[in-house]
Amino acid sequence: MQRITLAAVIFLALLVYPGTVLAEITFTFKGAPAEVRIRVGAVSGVTTVVHAVPLSLSGDGTPISGAPAGVAIEVSTRRETSREMNQAYYIVTADSSVPLSSGLDTIPFTKISWTSQDGDIPAGRFDGTSAQVIRDLTRARWSISDRLTFIYDNDQAVPAGTYTGTVTYTIWIP
Amino acid sequence: MKKNAKMMVMGLVLVMVFCYAGPVLAETSIHGDTASVELNFQVTIANYIEFRVGTAGVTTNTINFSPTAAELGANTTIPGTGGDAGGSQVTVSLLSNTPQITITATNDTPTGLENGIDRIDWLSISTTDVLGNLAPPLLNNAGGEASPDTPLAGPQNITTTWEYEYTRRVGDPIPSIPGNYVGTVTYTATSL
């Protein structure tokens, strides 16, 4: 009996002569491809966290929480083998190096901190760098699911305007 | 065999789905060792100007000048009384986050301080910035003088003291009728 190991050939043969070709196929199952996954905010689109500073509190040091509160963050990985799942680690970083801006005026991301619902992503503050580690070495087998609420310090007088900026979160396996 | 063929087709479709690497969005799943997503931030800061001359609140201070006949005759410069900062001085503060701020002085008696019959030119009252933090506008009959010459860039948080003095200017007539000559100056901080 002819042994054919090329799956594509078998597949085409089956399409042409269904039921008339006999073949044996030997599969060596290695597992699904390695994958990393990260989500921050809504499942689709890019979520915007808005800090609206009331006129009466502008610059007086009253912390201003962002809306929405409790922004979801989920991180997970999949390795090709169980051994890799046990041995590999991942890191989550945040790039906040480009400050929020309104025209030529800027607010550094160091003025924004966050609280954590359950500590998977520890509470912290953006440091304004391109690769701030917000979740250190974590075993690949473990998934992270947390909710973060962001807070603007509101402790300085800044020119009026709508300041916008973007933080990029990255999961990577060293 | 047909069943196996269907499974293979499904497998190929799944592989194609997993191989797709989308743009950086709120959720990313990518084959390999790294993936990124974005989160936007927005901070909205409203315009504000908080400006004070004299006592805080709704109180309007009155600076009183009481020159003697000799001082009038000699064109002597004299301070007043009644300022919230003592004597002829008033507290001035400006807190703002708007750009291009100027202070403008207008008055309600465009021919000078009046007693109903006679008048004293507003130019007889000078204003000095004691601490040198915010130049005051010139007082004159027409009003509308602005200061500083170069508008202030925002944000500003200025506190200073202005002092008023009265001098009968050389050439001005001595007020012929004794009495109280009054007028009110309104200062306005404006973002151009």
Side-chain angles (χ1 to χ4, degrees), chain A residues 7 10-11 14-15 18-19 21-23 25 32-55 58-59 64 66 71 74 90 95 100 102 107 109 111-112 150 152 156-174, chain B residues 1-50 93-101 151-159 191-192:
Chain A
I10 289 294
F11 176 61
L14 290 170
L15 287 180
V21 176
L22 298 177
I25 304 173
E35 183 183 47
V36 292
R37 174 180 169 272
I38 184 168
R39 167 195 166 194
V40 179
V43 174
S44 62
V46 178
T47 298
T48 298
V49 178
V50 178
H51 302 265
V53 181
L55 182 61
S58 191
I64 304 297
V71 175
E74 297 175 356
Y90 65 83
D95 178 355
L100 299 101
S102 172
I107 296 175
F109 267 106
K111 293 294 182 182
I112 295 179
F150 296 91
Y152 169 58
Q156 63 178 13
V158 294
T162 299
Y163 294 76
T164 58
T166 299
V167 171
T168 300
Y169 291 85
T170 299
I171 173 179
W172 62 286
I173 296 180
Chain B
M1 273 306 165
K2 288 183 178 177
K3 186 177 181 181
N4 287 341
K6 285 184 179 178
M7 290 179 63
M8 292 184 65
V9 172
M10 290 179 61
L12 288 173
V13 171
L14 285 174
V15 168
M16 292 171 66
V17 169
F18 279 125
C19 284
Y20 173 71
V24 176
L25 293 172
E27 181 173 21
T28 301
S29 177
I30 294 179
H31 283 168
D33 292 341
T34 183
S36 296
V37 293
E38 294 179 340
L39 182 63
N40 291 334
F41 286 86
Q42 177 177 309
V43 177
T44 305
I45 308 290
N47 286 318
Y48 63 85
I49 300 177
E50 187 177 299
S93 67
L94 174 66
L95 181 65
S96 172
N97 68 344
T98 60
Q100 303 291 301
I101 299 173
L152 301 168
Q156 295 289 339
N157 187 357
I158 297 173
T159 300
S191 176
L192 300 178

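These values consider heavy atoms only, across backbone and side chains, with no hydrogens, waters or symmetry-generated copies.
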**Request:** Please test A:Val49 against B:Phe41 for side chain to side chain contact (heavy atoms under 4.5 Å, CB included), starting from the C-alpha separation and ending with a verdict.
**Result:** CA-CA 5 Å; A:Val49 178; B:Phe41 286 86; 3.9 Å; yes

**CA sep, side-chain torsions, deciding dist, call: B:Asn40, A:Thr164, side chain to side chain contact (heavy atoms under 4.5 Å, CB included)** = CA-CA 7 Å; B:Asn40 291 334; A:Thr164 58; over 6 Å; no

**Asked** Could you walk me through whether A:Thr162 and B:Gln42 pass the side chain to side chain contact (heavy atoms under 4.5 Å, CB included) check?
**Response** CA-CA 7 Å; A:Thr162 299; B:Gln42 177 177 309; 3.6 Å; yes

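Of the atoms belonging to A:Tyr90, not a single heavy atom falls under 4.5 Å from chain B. Only the side chain of A:Tyr152 comes within less than 4.5 Å of a heavy atom in chain B; its backbone stays farther off. Only the side chain of A:Leu100 comes within less than 4.5 Å of a heavy atom of chain B; its backbone N, CA, C and O stay farther away. Proximity to chain B (any heavy atom under 4.5 Å) is restricted, for A:Ile112, to the side chain, taken from C-beta onward.
Judged by distance alone, with hydrogens and angles left aside, the side-chain atoms of B:Asn97 form a donor-acceptor pair with the main-chain N or O of A:Val158 at under 3.5 Å.
Nearest heavy-atom pair, B:Glu38 versus A:Val46, reported as atom, atom and distance to 0.1 Å: O-CG1, 3.5 Å. Summarising the geometry of A:Ala157 relative to B:Pro155, their closest heavy-atom pair is O-CG, 3.4 Å, with the distance given to 0.1 Å. Considering every non-hydrogen atom in both A:Thr168 and B:Ser36, the closest pair reads CG2-CB, 3.8 Å.
Under the rule for a side-chain contact (heavy atoms from CB on, under 4.5 Å), the partners of B:Gln100 that lie at least two apart in sequence or sit in another chain are B:Pro151, B:Leu192.
With rounding to the nearest 0.5 angstrom, the OG1 atom of A:Thr48 is 7.5 Å from the CG atom of B:Leu39.
Each of A:Val167, A:Val53, A:Val71 has some count of heavy-atom pairs under 4.5 Å with chain B, and the biggest count is that of A:Val167.
At a threshold of 4.5 Å between non-hydrogen side-chain atoms, the residues A:Ser58 and B:Ile45 count as touching.
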